[in-house]
Amino acid sequence: MFQQHLRNSGAALSFVAAFTLFIGMSTATYADALSPDKIKSAISTAYDKYKDLDEGAVADYIPALARVDPKVYGIALVTVDGKVYTAGDLTTEVSIQSISKVFTMAKVMDESGTDAIHDNMGVDATGQPFNSIVAIEQYKGSEMNALVNPGAITATSMVKGKSYDEIWNKIIGYYNDFAGRKLSVLDDVYKSEAATNQRNQALAMLMYAYGHIKGDALQATDIYTRQCSVGVNAKDLAMMAATLANGGKNPVTGKQVAKTENVPEILAVMSTAGLYDDAGKWLYKTGLPAKSGVGGGIIAVSPGKFGIAVISPPVDAVGNSVRAQKAIADISNALGGNPYAVQPRYYYCTARLRVERAFF
Ligand code: GLU
């Protein structure tokens with residue numbers, strides 16, 4: 001009886017010791033990687049390193065984008081516990097452009113389920129530019145994804161609503177919840193793109209012809225153009241990314257914006273198709289689901305840790321902001337943001353085995 005008691009309390013003690021050791025070590029590793037000082041230093045190092053970088057050029061196929069100041073450079077990181085870290089320009093707004101595609105896709109998933117996206121336009125990278133007609137023709141619009149223009153306009157056409165206004169208000173309301181503030185359309189960008197988006201209208205009509213867009217394809221193109229013209233600063237974008245990093249719940253307002261169960265699918269499409277034709281190279285270097293826009297913004301998500309965004313308008317040949325790619329990669333890698341970079345469990349297992357052998 002007494003021996004049994006001793007055995008039980010020994011077991012309980014060893015469990016508590018092992019548990020404390022495990023929690024202590026996990027917390028230490030996590031806290032160390034994401035300590036405020038480390039985050040601040042990673043951000044200011046990257047900011048300084050790329051401040052004077054002179055590569056890339058502002059996109060000019062939309063006339064209003066050619067007028068954007070190439071010197072705008074802002075960095076923001078928001079952790080899943082709602083702490084905000086920044087450097088540089090946080091007030092200038094650029095148009096969200098293709099980054100909007102992530103959130104409209106998420107809205108469709110919320111309303112109609114993840115299969116609706118999978119089954120209608122697919123979830124594979126096309127290997128073609130974001131506005132490719134060849135990519136539609138190859139598989140009649142079915143091997144697409146919601147982050148290239150034909151799939152994105154199709155996703156916009158799938159947002160439920162009886163009128164243009166009802167659909168638009170849903171979309172902008174959803175973006176507002178992600179950003180945690182009321183966003184507005186940059187009217188000059190909208191007008192400029194609406195006057196020159198004949199190629200997108202053609203993509204939409206093809207998607208209609210192949211049965212992926214069911215309703216008014218030109219209305220969907222116009223709403224899509226409006227969603228691309230929403231103005232955002234670096235902090236807005238980081239907050240939107242952090243909401244995804246936090247399972248769809250805005251870490252500052254506390255509002256559950258996207259359904260948590262859809263977040264893995266959202267991040268999967270961002271991983272394979274977020275950075276245009278360079279999505280593979282980006283994933284190779286950072287492991288982060290991300291999305292860029294020709295306005296110069298890039299968002300990236302370190303699941304369960306943080307969302308990060310950089311705005312810097314000069315983009316490279318495929319349309320990704322040069323500074324944003326470099327700064328985000330440096331910061332995330334310095335903070336252990338790559339979800340594929342795991343430490344072996346060997347040490348924990350050895351410690352647990354020793355404790356177990358000593359007591360059992
Ligand atoms: N509104 C832009 C277009 O449709 C978005 C492109 C982008 O950011 O990749 O061309």
Side-chain angles (χ1 to χ4, degrees), residues 56-68 72 93-105 121 125-133 135-136 144-157 168 171-172 175 183 185-207 213 217-232 236-237 240-241 269-270 272-279 282 290-300 309-322 324-325:
V58 296
D60 57 6
Y61 76 100
I62 299 169
L65 295 188
R67 297 193 283 273
V68 166
V72 171
E93 291 183 357
V94 297
S95 49
I96 188 169
Q97 295 297 340
S98 265
I99 299 170
S100 68
K101 295 167 177 170
V102 170
F103 303 97
T104 299
M105 172 180 75
M121 84 281 286
T126 64
Q128 299 287 337
F130 63 89
N131 56 2
S132 167
I133 286 172
I136 303 179
M144 198 54 58
N145 66 74
L147 301 186
V148 289
N149 290 11
I153 299 168
T154 304
T156 302
S157 80
W168 170 249
I171 290 175
I172 190 69
Y175 294 6
L183 303 170
V185 169
L186 301 176
D187 220 40
D188 59 325
V189 177
Y190 167 69
K191 287 194 180 118
S192 175
E193 187 166 348
T196 54
N197 68 352
Q198 290 74 22
R199 187 181 179 95
N200 282 343
Q201 294 175 35
L203 298 175
M205 290 310 276
L206 267 180
M207 291 302 273
I213 293 181
L218 293 183
Q219 172 175 290
T221 311
D222 192 59
I223 297 177
Y224 161 82
T225 305
R226 195 177 285 275
Q227 81 181 39
C228 286
S229 310
V230 168
V232 282
D236 296 327
L237 288 178
M240 295 171 97
V269 185
M270 290 172 74
T272 54
L275 258 66
Y276 307 115
D277 332 14
D278 276 350
W282 170 260
K291 183 71 199 92
S292 63
V294 290
I298 297 184
I299 61 168
V310 173
I311 286 178
S312 168
V315 297
D316 62 16
V318 296
N320 297 316
S321 165
V322 182
Q325 289 176 80

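Predicted model, so just to flag it, every value in this text is computed and none were measured. Note that ligands are numbered from 1 as they come in the structure, with each ligand's atoms numbered from 1 the same way.
- Near Val294, meaning under 4.0 Å from one of its heavy atoms, ligand 1 places the atoms 6 (C), 7 (C), 8 (O), 9 (O).
- Judged by distance alone, the side chains of Thr221 and Asn200 never bring a donor and an acceptor atom under 3.5 Å apart.
- In summary, the atoms of ligand 1 found under 4.0 Å from a heavy atom of Tyr224, numbered by their order in the structure, are 1 (N), 2 (C), 3 (C), 4 (O), 5 (C).
- Between the OG1 atom of Thr104 and the CD1 atom of Ile171 there is a distance of 4.5 Å, given to the nearest 0.5 Å.
- Atom 10 (O) of ligand 1 has its closest protein heavy atom at Tyr61 OH, 2.5 Å.
- Tyr224 and Asn149 form a side-chain donor-acceptor contact under 3.5 Å, judged by distance and modelled atom types alone.
- What sits closest to atom 7 (C) of ligand 1 on the protein, heavy atoms only, is Ser98 OG, 2.7 Å.
- Nearest protein heavy-atom contact of atom 5 (C) of ligand 1 is Gln97 OE1, 3.2 Å.
- Using the six-membered ring where Trp is involved, Tyr61 and Phe130 have ring planes that are tilted, between 30° and 60° apart.
- Gln325 and Asp278 form no side-chain donor-acceptor contact under 3.5 Å, judged by distance and modelled atom types alone.
- Taking a 4.0 Å cut-off on heavy atoms, Asn131 fails to register as neighbouring ligand 1.
- Against a heavy-atom cut-off of under 4.0 Å, Gly293 is close to the following atoms of ligand 1: 8 (O).
- In this structure, Met240 and Ile299 have side chains that are not in contact, with every pair of non-hydrogen atoms separated by 4.5 Å or more.
- Neither the backbone nor the side chain of Thr225 has a heavy atom within less than 4.0 Å of ligand 1.
- Interface of Cys228 with ligand 1, defined as ligand atoms under 4.0 Å from a residue heavy atom, comprises 1 (N).
- With 3.5 Å as the limit, one finds no donor-acceptor pair spanning the side chains of Glu193 and Ser229.
- Within ligand 1, counting atoms from 1 as listed, the ones closer than 4.0 Å to a heavy atom of Tyr276 are 7 (C), 8 (O), 9 (O).
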